[in-house]
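Written below as structure tokens is the structure these notes are about.
Positions are given from 1 along the sequence. The analysis underlying the following values was restricted to heavy atoms, covering all of them including side chains, and did not include hydrogens, waters or symmetry mates.
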Amino acid sequence: MYHTKKIGVFVSHIFGDFQHELCQGILDKAAEYGYTVEIFSSTDGEDVGNYGIGETSILRIPNYDEFSGICFASGAYLLPSLRAAIAEKLRASCTCPVIEITQSGAVFPHLELDNDTAAGQLTEHMITTHRHRRICYLGCSTEPLFSEKRFTYYQNTLKKYNLPLSESDYAFCDYEYSSIQSAFEHFLQCGKPNSILCYNDRMAISLIDILSRHGYRVPGDIAVTGFDDLALGQNIVPALSTVTFPIYEMGQKAMELLLDAINGTPLPDTTVLMAEPLYRNSCGCVKKMNNAHVR
């Protein structure tokens, strides 16, 4: 079957930050090797009125015979039914390699991001670098899948260093300011913690404001860490220690794997990229230029 030097990308909600960075990585790496990219996007799960009728056209529009390879960002789809329908269509219609980008439920050889192990690295950093002995975990009740995984890495790291964990050392709440404040008051039942590991930057930024209103200095009195490396967290004072997700690099890696497969190298079943901690001021480290996530 004849293929042009063209890569197809299937992704949902192209306007999202994750999707934008991922596709840009694919586009840039494809351009290096003379490949063009066609992106097929949808807004599954959104209320788009009558436009929703056309959502399944993503299954019919592509000319699958033209592609040298396909990137299927299945983890971006909200509707399992559309995700499954695209997977089935790709299996039935594609003679080219397919790389899937997802955290779970992969049908094809896939690329995934380990965005939870870093919770253990952050915890270990607070123990070994800053000598903290009471580290609390602020989890997210509305996003339990990732929150529970990060909590597990936090727990295991405390066990590794023989540090106790009581019920007053962790709490799960939503994003409401009052809910985060209640979680902080829960931590205070056993006195002031040395540091608080937050599920993500959004929660950490709210927590830092709450700590300030209670008269606590960050990191002088209580250190705080987040996850996601949001721009706001980079620019607040103190700058937020966090975890950066190499999404752009994931797009590049997906394209590299496809190039290998196009050239005859079998795709591994699973390829994992690791998220990386960034230690800034809010944990007690001094911010340095090489801490910044630079592409």
Short side-chain donor-acceptor distance under 3.5 Å, [Y] and [X]:
X: Asp174; Y: Thr142; answer: no
X: Gln252; Y: Asp28; answer: no
X: Glu100; Y: Ser74; answer: yes

Got [X] and [Y] here, is their nearest side-chain heavy-atom distance under 4.5 Å?
X: Ile205; Y: Asp209; value: no
X: Ser147; Y: Tyr137; value: yes
X: Tyr161; Y: Ile135; value: no
X: Cys285; Y: His125; value: yes

For Met274, what are the other residues in its hydrophobic cluster, where any two members join if their side-chain heavy atoms are less than 4.5 angstrom apart? Val272
Over all atoms of both residues, closest heavy-atom pair of [X] and [Y]:
X: Pro268; Y: Thr271; value: CG-OG1, 3.3 Å
X: Ser206; Y: Ile180; value: CB-CD1, 3.7 Å
X: Asp228; Y: Thr242; value: N-OG1, 3.3 Å

Quick one: OG on Ser68 to CG on Leu259, what's the gap to the nearest 0.5 Å? 9.5 Å
Quick check: Phe187 with Phe184 (ring centres under 6.0 Å apart)? no
Kindly list each side-chain donor-acceptor pair under 3.5 angstrom involving residues 111-118, sequence neighbours excluded, with atom names and distances?
unit_1, atom_1, unit_2, atom_2, d
Glu112, OE1, His110, NE2, 2.9
Asp114, OD1, Asp116, N, 3.1
Asp114, OD1, Thr117, N, 3.0
Asp114, OD1, Thr117, OG1, 3.0
Asp114, OD2, Thr117, OG1, 2.5
Asp116, OD1, Arg150, NE, 3.3
Thr117, OG1, Tyr153, OH, 3.4

On the 0 to 90° scale, with breaks at 30° and 60°, tag the Phe172-Tyr170 ring pair as parallel, tilted or perpendicular. perpendicular
What orientation do Phe108 and Phe72 show, parallel under 30°, tilted 30 to 60°, or perpendicular over 60°? perpendicular
Just to verify, what does [X] make a salt bridge (Lys or Arg N to Asp or Glu O under 4.0 Å) with, not counting sequence neighbours?
X: Lys159; value: none
X: Glu88; value: Arg91
X: Arg134; value: Asp169
X: Asp17; value: none

Working for side-chain contact (heavy atoms from CB on, under 4.5 Å), residues Ile101 and Val9: CA-CA 11 Å; Ile101 301 170; Val9 176; over 6 Å; no
Please step through side-chain contact (heavy atoms from CB on, under 4.5 Å) for the pair Thr123 and Leu197, ending with a clear verdict. CA-CA 7 Å; Thr123 306; Leu197 179 74; 3.5 Å; yes
